[in-house]
**Student:** 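Just dropping this structure here.
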Amino acid sequence: MCDEVMLEVKNLAYSYDGVKKIFTNIDFELHKGEVLVILGANGAGKSTLLDCISNMLTPTTGEILLKGKNIAKYAINDVAKLMGYVPQISTPTFSYTVRDYIVMGRAPHMGILNVPGPAEYDKVDEVMKDMWISGLADKIYANISGGERQQAQIARILVQETDIILLDEPTNHLDYGNQLKIIQIISKLARNRGLTVVLTSHIPDHAIMIDEKVGIMDNLGHMTVGPVKEVISEESLKELYHTDLHLVYIDELKRIACVAGKLNDENRK
Ligand SMILES: Nc1ncnc2c1ncn2[C@@H]1O[C@H](COP(=O)(O)OP(=O)(O)OP(=O)(O)O)[C@@H](O)[C@H]1O
């Protein structure tokens, strides 16, 4: 992590109907290379928050600063060079190959009339190789599976080479191995390339594995943000998910893990 502040969210609130606030008083800042994992129950407002940060929705109150400047003051193309967003819902209407779909991520760096050349495709091939998805390159995007599509969408944002990425549940269609792979790729890009990331997840272990910042969004529209070690506790997770959860230290991994289950005399035998 370095000192440069990449993203500031100040006193943010949003309401769809002008009456009921989905969230209020959301405040956090992220430095270069920091990752914030947002946890919250279904319907808490995580996607709405990312839609506001990405400029797709205009917040009811508050402001968003990218590198110290209000997002509203940037030209759209300059926001796209600085920040990429993979929303949760995407309609697979593209009849292009996956490679041609991913290369569209280079658009903010190319002139309007330019077509992608070898340098753009080299970047696509490099990212696909790093993500172990080169085998998808020549398949038709509309015909691949939901999980494969999700990986292609993440690859498209990575070739965009922005300083900040927002990922709404980037692991929700992925098998367990691919979930871990995405979490590892995000950690590595943050550490090695100084990528700043905000992602939402329903898996507390994702926040624990990345071990940076976590935001716990409650159903009243408040979000507690801080280092994983300060914000994640059995109490905070039980309150969030209304179920029996335990944080167990795994010596071999040198970290805690979140496990579900009731600790009772029967289970202790
Ligand atoms: N376009 C919309 N118009 C009105 N209400 C909406 C709209 N989109 C979402 N909502 C409502 O806003 C609230 C927050 O939704 P949001 O999708 O942000 O939650 P979430 O935390 O991302 O949920 P999940 O974990 O289920 O994806 C929900 O009550 C939802 O019904």
Side-chain angles (χ1 to χ4, degrees), residues 7-28 30 35-64 71 79 83-93 145-147 149-154 157 164-176 178-180 182-183 186 196-210 212-226 228 231-232 236-245 258 260:
L7 174 66
E8 288 163 87
V9 170
K10 293 185 170 179
N11 195 29
L12 215 67
Y14 187 77
S15 166
Y16 283 102
D17 58 7
V19 180
K20 182 180 170 273
K21 293 256 172 58
I22 302 294
F23 51 76
T24 50
N25 301 106
I26 304 276
D27 275 294
F28 65 84
L30 292 179
V35 183
L36 170 67
V37 178
I38 300 178
L39 304 173
N42 288 130
K46 303 177 295 300
S47 302
T48 306
L49 176 60
L50 292 197
D51 286 348
C52 286
I53 298 173
S54 68
N55 219 11
M56 279 172 57
L57 293 176
T58 306
T60 313
T61 57
E63 57 178 351
I64 291 141
I71 195 168
V79 174
M83 184 164 70
Y85 179 27
V86 182
Q88 201 181 133
I89 297 158
S90 112
T91 320
T93 52
S145 77
R149 231 176 273 144
Q150 197 158 14
Q151 294 183 80
Q153 286 164 19
I154 294 169
I157 288 302
I164 305 165
I165 57 172
L166 312 174
L167 303 167
D168 196 2
E169 291 187 41
T171 58
N172 70 346
H173 286 112
L174 302 185
D175 67 51
Y176 194 52
N178 280 328
Q179 285 190 26
L180 298 177
I182 293 298
I183 295 300
I186 289 165
T196 304
V197 185
V198 182
L199 71 96
T200 65
S201 175
H202 287 297
I203 317 269
D205 276 327
H206 290 166
I208 295 168
M209 279 186 261
I210 294 173
E212 291 239 342
K213 282 188 172 167
V214 63
I216 297 192
M217 202 176 225
D218 65 23
N219 282 330
L220 299 172
H222 303 128
M223 187 163 83
T224 307
V225 182
V228 165
V231 174
I232 287 201
S236 63
L237 294 179
K238 277 180 195 170
E239 201 177 313
L240 172 59
Y241 296 116
H242 304 288
T243 189
D244 274 310
L245 290 169
C258 178

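When a ligand or atom number is given, it counts from 1 through the structure's own listing order.
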**Student:** For a 4.5 angstrom cut-off between non-hydrogen side-chain atoms, does M209 reach L180?
**Tutor:**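 M209 reaches L180 side chain to side chain.
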**Student:** Below 4.5 Å, heavy atoms only, C-beta onward: do D218 and L240 meet side chain to side chain?
**Tutor:**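 Result no, sub-4.5 Å side-chain heavy-atom pair not found.
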**Student:** Mind listing the side-chain donor-acceptor pairs of residues 12-20 below 3.5 Å, one per line with the distance, residues two or more places apart or on another chain?
**Tutor:**
residue	atom	partner	partner atom	Å
S15	OG	D17	N	3.4
S15	OG	D17	OD1	3.1
S15	OG	G18	N	2.8
S15	OG	V19	N	3.2
S15	OG	K20	O	2.9
Y16	OH	T48	OG1	2.8
D17	OD1	V19	N	2.8
D17	OD1	K20	N	2.9

**Student:** Find all protein N or O atoms under 3.5 angstrom from an N or O atom of ligand 1 and list the pairs with distances, or write 'none'.
**Tutor:**
residue	atom	partner	partner atom	Å
ligand 1	8 (N)	Y16	OH	3.2
ligand 1	18 (O)	S47	N	3.4
ligand 1	18 (O)	T48	N	2.9
ligand 1	18 (O)	T48	OG1	2.5
ligand 1	19 (O)	G45	N	3.2
ligand 1	21 (O)	A44	N	3.2
ligand 1	21 (O)	G45	N	2.9
ligand 1	21 (O)	K46	N	2.9
ligand 1	21 (O)	K46	NZ	2.7
ligand 1	22 (O)	S47	N	2.9
ligand 1	22 (O)	S47	OG	2.8
ligand 1	23 (O)	G43	N	2.8
ligand 1	25 (O)	N42	ND2	3.3
ligand 1	25 (O)	K46	NZ	2.7
ligand 1	25 (O)	H202	NE2	3.0
ligand 1	26 (O)	N42	ND2	2.9
ligand 1	26 (O)	G43	N	3.4
ligand 1	27 (O)	Q88	NE2	3.3
ligand 1	27 (O)	E169	OE2	3.4

**Student:** Would you mind listing every salt bridge (charged side-chain N to carboxylate O under 4.0 Å, His left out) that reaches into residues 41-64, with sequence neighbours excluded?
**Tutor:**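 Every candidate salt bridge (charged side-chain N to carboxylate O under 4.0 Å, His left out) pair involving residues 41-64 fails, so no pair, neighbours aside, qualifies.
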**Student:** Taking side chain as C-beta onward, heavy atoms only, is T24 less than 4.5 Å from H222?
**Tutor:**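 Side-chain contact under 4.5 Å: yes.
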**Student:** Under the rule for ring-ring contact (aromatic ring centres under 6.0 Å, His included), what residues qualify as partners of Y241, not counting sequence neighbours?
**Tutor:**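 For Y241, no residue satisfies ring-ring contact (aromatic ring centres under 6.0 Å, His included) once neighbours in sequence are set aside.
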